[in-house]
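Only one structure is covered here, and it is reproduced in the block below.
Values reported hereafter were calculated over all heavy atoms of this structure, with side chains retained and with hydrogens, waters and symmetry mates removed.
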Amino acid sequence: MSSFVLGFQEVDNTQLLLVGGKGLHLGELSKIAGINVPEGFCVTTAGYQKTIAQNETYSALLNQLTLLKVEDRDQISEISRKIRQLIMEAEIPSDVVKAVTHYLSQLGDELGYAVRSSATAEDLPHASFAGQQDTYLNIIGKKAILQHISKCWASLFTERAVIYRMRNGFDHSQVYLSVIVQRMISPQASGILFTADPISNNRKLLSIDASFGLGEALVSGLVSPDCYKVQEEEIAVKIISTKQLAIYGLPEGGTETRQLDPDQQKAQTLTEHQILQLARIGRQIEAYFGCPQDIEWCLDHDTFYIVQSRPITTLFPIPEANDQDNHVYVSVGHQQMMTDPMKPLGLSFYLLTTPAPMRIAGGRLFVDVTPHLASPVSGKVVIDALGKSDPLIKDALMTLVKRGDFIKSSTDGEKAPGPSGSNKGMPSAGSQLQTEIDPAIVRDLIKSSEASIEELQQNIQTKSGSDLFDFILEDIPQLKKNLFNPQSLDIIMAAMDASSWVNDKMNEWLGEKNAADTLSQSVQNNITSEMGLALLGVADVIRPYPEVIDYLQHITDDNFLDELAKLDGGQETQDAIYAYLAKFGMRCSGEIDLTKTRWSEKPATLIPMILSNIKNFEPNASSRKFVQGQQEAMAKEQKLLERLKQLPDGEQKANETKRMIDLIRNFSGYREYPKYGMVNRYFVYKQALLKEAGQLVQAGVIHGKEDIFHLTFEELREVVRTNKLDYQIISKRKDEYKLYEKLTPPRVITSDGEIISGEYKRENLPDEAIVGLAVSSGVIEGRARVILTMEDADLEDGDILVTAFTDPSWTPLFVSIKGLVTEVGGLMTHGAVIAREYGLPAVVGVDKATKLIKDGQVIRVHGTEGYIEIL
């Protein structure tokens, strides 16, 4: 056995760094009983390294490449070209040539071979690198094979491979290339087999693409293949495509593209028997590797050959269950306006806070709604309640229930208990419409919450070590008591029900749509909308001081507040910002994750918004905006009541409507308060835990304070108790988090891994309309600003904000915009509530909005009808 060449049978699963991802998998595949793998060998990375060893020009060019960023395209292109040329011209060492010649003579010098690249950072669970390096088919003769081995080595430095490594954080100098030399099969058909359906994510639905000749025609997009889907030994889907072309090997080497006979073009590539046989092979390979596989296959003389198998890296993980039953999971992130992954400590705190039956997958939280869906009664309640936060979740669940093939009905047909034997933690049907609530209750609830947080801040200061963890666990019930206070829920439901009542009745009686939107403007006690207006007030303080404005335009770190006092107006600015942070500094984007950086921790986050307010608004804009909203709401109320009085039973209708309007005006603002209280408490806990983290850093247990975010609450408690930690846990969790960041969470996923998508069913819309949910009335035209993080916000007055989701931390941006479009959201989510209060036309729940709408395009937002037009 040579260190430069290994036959497939000689490869073992410890040799990734020698044979790369493809080589490793071919070695494993060739050991599976009953699986046919064309014979071959790997020219190991030792051969590649020996070829480039001591080449100073190569080392110098590689160093230059390491210093570049993705944006430096021209330099990347030039340096990559030079490295490829250098590798192609380098002489392959004689002992590498000798080893290749030896293996070729054993397999047959005269045969055709596929010469394929296999990088050490390829076909890995977290990064596929698919298509990054080159493959050459039907290469005949030793000289040609050696030449193509050099070509494969050189393809490690194609521009696309270099940029892919940069984007995925791989070091160019640590990625090596092995080359696979594998006997060519001249197949009648070939294709790709996914053991989990790549469209629906369903792990039980296997998908096969098939076309005639070599698989290159399919991979390169020359043909539309047949598509077969198999579930539990039955063909569930069969689509026969017209396949005009096929690629075949030539006797003298190389390949050619041929036109197929008309009869063959529409013929089914595989027979039913062959489809099921291939599906069984796929399941056998999947079972061997222990995860869903993307498999390349070919068919020759009725025998299937497997030429590659790699993990499917794009599937969203399935939430774990401790049984084999069917389960349906709903994304918490889509209801809470935070679809980013959460770190383990953040997940722990949310799990301590919520009574709902939660599961974790891909760094996100999901609620198991299966027991509720099993009952027609509780199923309707849950689906309707979830529909208020996201109509696409509602439609997806209704689709699944109607299918009738996944959820078993419960025996009592009335009430399905949750996993713990109760329905606790799921949305309720909603209270009876209440019209008699004392407005003073809101004031009392807010005072009680503030007093509770003040007490917590004082008491927690004396706690440390294990006592701190006990103290937090003892305080969590107080957090839950405030968050789930029945009085709070009654007030919120009363305002929501009143809004629905007004919208329904005004449409029925007066033909007026979404009347409650205008009536919701500038209501009392909305802590979130106050936050946006208060930042306008900070801008008012700074506006008279040009020196401060200039200084703020050039700040680079978060210590900028310390330097302010030296400037004219600096002390006033410092006081204004500190006062703002005292009330709102615990907020940030994705605030339900305790580990996210708060404004108090990074005040520089606020500066672009403050500068935007100075530029876009006149002094006292805050009070003017609030008063304007109040006046519009009062005018709307007056107009509605006058029109109602003209109707039959007009006085009674007007009186009823007035009561409902009062409920909206008195109580809808409070909808935002319980979450503010929760986030406040989270920040107090976080500050105390970071103090403990400081002790762990000093003791050398962790490298940085934020390492604790990658531990669960109980794990951190144990680390603090013992002062011991296996640091590999942190490193592993950091890698996992990077992977989770790349995943898009589904709204609804089953225990089969099937992603159920919802859709809006609407008619009479313009052909090119981008459809969503109408949540705040009005029509507005303007420039679309597609913004994915608040830090990137550079808004002009009159822009329309287009983003994935908004939580309360985005509210300060709302004062600058004229309309809102989000990918996630429902009628009562934060962005919708604030858009109505500020009088901004808004459409939410627009799937892929940030891809369909380009930054800078002029768009029209139809907030009343729920769609967007690109102008």
Side-chain angles (χ1 to χ4, degrees), residues 450 453-454 457 522 526-589 591 596-630 676 679-680 683 687 785 787 789-799 801 806 808-818 834 837-838 840:
E450 285 172 347
I453 287 162
E454 225 171 275
Q457 285 169 327
S522 297
N526 189 323
I527 192 73
T528 305
S529 63
E530 283 171 25
M531 179 169 70
L533 296 174
L535 206 61
L536 283 173
V538 175
D540 283 350
V541 172
I542 300 169
R543 192 177 279 106
Y545 302 109
E547 196 181 353
V548 172
I549 294 170
D550 182 64
Y551 170 74
L552 292 177
Q553 284 169 336
H554 299 97
I555 61 167
T556 53
D557 60 44
D558 288 297
N559 300 323
F560 71 94
L561 285 165
D562 302 338
E563 299 294 315
L564 268 173
K566 299 172 188 171
L567 306 174
D568 179 30
Q571 190 60 56
E572 291 85 343
T573 299
Q574 199 181 57
D575 292 346
I577 291 174
Y578 278 132
Y580 185 85
L581 291 173
K583 189 164 187 181
F584 302 111
M586 77 299 296
R587 309 218 83 152
C588 67
S589 185
E591 61 193 11
K596 292 273 189 176
T597 305
R598 310 283 142 175
W599 290 343
S600 286
E601 296 168 311
K602 191 176 174 58
T605 307
L606 296 172
I607 299 306
M609 291 183 275
I610 294 170
L611 292 171
S612 171
N613 288 347
I614 292 169
K615 181 174 73 171
N616 292 328
F617 295 98
E618 296 295 319
N620 300 316
S622 170
S623 56
R624 275 202 310 280
K625 266 184 172 289
F626 190 79
V627 169
Q628 184 188 343
Q630 263 184 335
Y676 171 75
V679 172
N680 241 313
F683 190 43
Q687 288 173 302
R785 292 311 319 270
I787 295 170
T789 64
M790 269 179 55
E791 289 76 9
D792 298 333
D794 178 19
L795 293 163
E796 298 284 340
D797 192 26
D799 282 345
L801 174 62
T806 63
S809 71
W810 288 71
T811 304
L813 295 180
F814 283 28
V815 297
S816 295
I817 60 175
K818 287 289 189 285
I834 304 304
E837 176 151 344
Y838 282 1
L840 304 172

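When L611, V538, L581 are each tested for a side chain to side chain contact (heavy atoms under 4.5 Å, CB included) with L606, only one passes: L581.
The side-chain heavy atoms of L535 and F584, taken from C-beta on, include no pair separated by under 4.5 Å. You'll find the side chain of K615 stays beyond 4.5 Å of the side chain of S612, heavy atoms only. Residues Y676 and M586 meet the side-chain proximity criterion, which asks for heavy atoms closer than 4.5 Å. Contact check for T597 versus C588: no side-chain heavy atoms found under the 4.5 Å cut-off. Considering only heavy atoms from C-beta on, L795 comes within 4.5 Å of I787 through its side chain.
In plain terms, the two heavy atoms of I607 and I577 that are nearest each other are CD1-CD1, 4.3 Å. For R598 against K596, the heavy-atom pair with the smallest separation is NE-O, 3.2 Å. Pairing each heavy atom of T811 with each of P808, the nearest pair is OG1-O, 2.7 Å. Nearest approach of M790 to S809, heavy atoms of both residues: SD-O, 3.2 Å. Residues V548 and G570 come closest through the heavy atom pair CG2-N, 3.8 Å. Contact detail for S589 and W810: the closest heavy-atom pair is OG-NE1, 3.5 Å.
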Please assess E563 against Y551 for the test side chain to side chain contact (heavy atoms under 4.5 Å, CB included), listing each intermediate value before the final yes or no. CA-CA 10 Å; E563 299 294 315; Y551 170 74; 3.1 Å; yes
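In this structure, E796 CD and I817 CD1 are separated by 14.0 Å, a value rounded to the nearest 0.5 Å. Rounding to the nearest 0.5 Å places CD of E837 at 11.5 Å from NZ of K625. Considering CG of D568 and OH of Y545, their distance stands at 6.5 Å, rounded to 0.5 Å. The distance from atom CD1 of I610 to atom CG of D540, rounded to the nearest 0.5 Å, is 11.5 Å. Atom CG in L840 sits 10.0 Å away from atom CD1 in I834 (nearest 0.5 Å). The OG atom of S529 sits 11.0 Å away from atom CZ of F814, with the distance rounded to the nearest 0.5 Å.
Around NZ of K602, the count of heavy atoms belonging to other residues, nucleotides or ligands within 6.0 Å does not exceed 12.
Between the side chain of R785 and the main chain of D794, a donor-acceptor pair closer than 3.5 Å is present. Not one N or O on the side chain of Y838 forms a donor-acceptor pair closer than 3.5 Å with the backbone of K818. A donor-acceptor pair under 3.5 Å is formed between the side chain of R624 and the backbone N or O of P619. Counting only distance, with no hydrogens or angles, the side chain of R543 and the backbone of F617 share a donor-acceptor pair below 3.5 Å.
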Show which side-chain atoms of residues 553-560 pair as donor or acceptor with protein atoms under 3.5 Å away, not counting sequence neighbours.
unit_1: H554; atom_1: ND1; unit_2: D550; atom_2: O; d: 2.8
unit_1: D557; atom_1: OD1; unit_2: N559; atom_2: N; d: 2.8
unit_1: D558; atom_1: OD1; unit_2: A604; atom_2: N; d: 3.0

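Side chain to side chain, Q457 and E454 fail the donor-acceptor criterion of an N or O pair below 3.5 Å.
Sorted by first then second residue, the salt bridge (charged side-chain N to carboxylate O under 4.0 Å, His left out) pairs that include residues 527-538, not counting sequence neighbours, are E530-K583.
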